S.K.: 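I have a structure I would like to understand better, so I am pasting it below and will then ask my questions one at a time.
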Amino acid sequence: MSIRACKTADELQDIIVEQARTLHGPWPSGMTMFVFDDAYGWSASISRPISEADNFYRTRTLDLIGTLKVRYDLDAPRL
């Protein structure tokens, strides 16, 4: 039994964006993110950066996602 909280993909995306905004400022214009079920639980993909500042933001957000994967499970339908 998992002790991690279960969240939907939309909830995880909202948590990621909210925490990234708190830590690093406004979400970069044109940057997109997709949270999905993978073989290891869940993962998130972020679009490629347009600028060096976007690259910094993207890298820090990917680090944040790694931290959140330890705390949350994806609440996804299992077939």
Side-chain angles (χ1 to χ4, degrees):
M1 180 174 198
S2 177
I3 58 171
R4 294 183 274 188
C6 288
K7 301 288 183 184
T8 66
D10 287 339
E11 289 171 328
L12 288 169
Q13 185 169 330
D14 290 346
I15 291 168
I16 293 164
V17 170
E18 178 183 324
Q19 289 191 18
R21 284 180 178 154
T22 299
L23 294 169
H24 310 298
W27 189 263
S29 176
M31 186 182 293
T32 59
M33 179 176 43
F34 179 67
V35 175
F36 57 93
D37 188 14
D38 69 8
Y40 305 102
W42 66 274
S43 193
S45 176
I46 301 176
S47 60
R48 293 182 185 203
I50 297 171
S51 68
E52 193 63 35
D54 287 356
N55 187 46
F56 174 83
Y57 200 100
R58 181 180 186 268
T59 301
R60 295 296 166 241
T61 303
L62 290 171
D63 291 343
L64 172 63
I65 290 165
T67 301
L68 293 174
K69 287 182 76 166
V70 175
R71 294 174 42 195
Y72 298 106
D73 281 330
L74 181 63
D75 186 13
R78 305 282 182 210
L79 302 175

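Computed from a prediction, not measured in an experiment: that's the story for all the values here. One-based numbering along the sequence shown.
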S.K.: Taking ring-ring contact (aromatic ring centres under 6.0 Å, His included) as the cut-off, I'd like each qualifying pair that reaches into residues 49-68, sequence neighbours left out, listed once.
M.R.: His24-Tyr57, Trp27-Tyr57
S.K.: Clusters formed by hydrophobic residues whose side-chain heavy atoms approach within less than 4.5 Å: which one holds Phe34, and what are its other members?
M.R.: Phe36
S.K.: Just how far is it from atom CG of Asp37 to atom CG of Asp75, taken to the nearest 0.5 Å?
M.R.: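 These two atoms lie 10.5 Å from each other.
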S.K.: Going by side-chain contact (heavy atoms from CB on, under 4.5 Å), name the residues that satisfy it together with Ala9, two or more places apart in sequence or in a different chain.
M.R.: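 Partners of Ala9 by the side-chain contact (heavy atoms from CB on, under 4.5 Å) criterion, ordered by chain and then number, come out as Val35, Leu74.
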S.K.: The criterion is side chain to side chain donor-acceptor pair (under 3.5 Å); which residues satisfy it with Arg60, sequence neighbours excluded?
M.R.: Asp63
S.K.: At their closest point, which heavy atom of Ser47 faces which heavy atom of Gly30, and how far apart are they?
M.R.: OG-O, 3.9 Å
S.K.: So, do Ile16 and Gln13 sit near enough that their side-chain heavy atoms are less than 4.5 Å apart?
M.R.: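 Contact flag for Ile16/Gln13 side chains = no.
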S.K.: State the NZ-CH2 distance between Lys7 and Trp42, to the nearest 0.5 angstrom.
M.R.: 11.5 Å
S.K.: Would you say the side chain of Met33 lies within less than 4.5 Å of the side chain of Ile65, judging by non-hydrogen atoms?
M.R.: yes
S.K.: So Leu68 and Gln19, side chain to side chain contact (heavy atoms under 4.5 Å, CB included) or not? Walk me through it.
M.R.: CA-CA 10 Å; Leu68 293 174; Gln19 289 191 18; 3.9 Å; yes
S.K.: Once rounded to the nearest 0.5 Å, what's the spacing between atom CG of Asp73 and atom CZ of Arg4?
M.R.: 4.0 Å
S.K.: Could you list the residues that satisfy side-chain contact (heavy atoms from CB on, under 4.5 Å) with Glu18, not counting sequence neighbours?
M.R.: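 Expected list: none.
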S.K.: Nearest 0.5 angstrom please: Thr61 OG1 to Ile46 CD1, how far?
M.R.: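 It is 5.0 Å, given to the nearest 0.5 Å.
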S.K.: Any chance you could measure Leu12, atom CG, to Tyr72, atom OH, to the nearest 0.5 Å?
M.R.: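 That separation rounds to 8.0 Å.
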S.K.: Hey, could you give me each pair passing salt bridge (Lys or Arg N to Asp or Glu O under 4.0 Å) that has a residue in residues 48-59? Not counting sequence neighbours.
M.R.: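 For residues 48-59: none.
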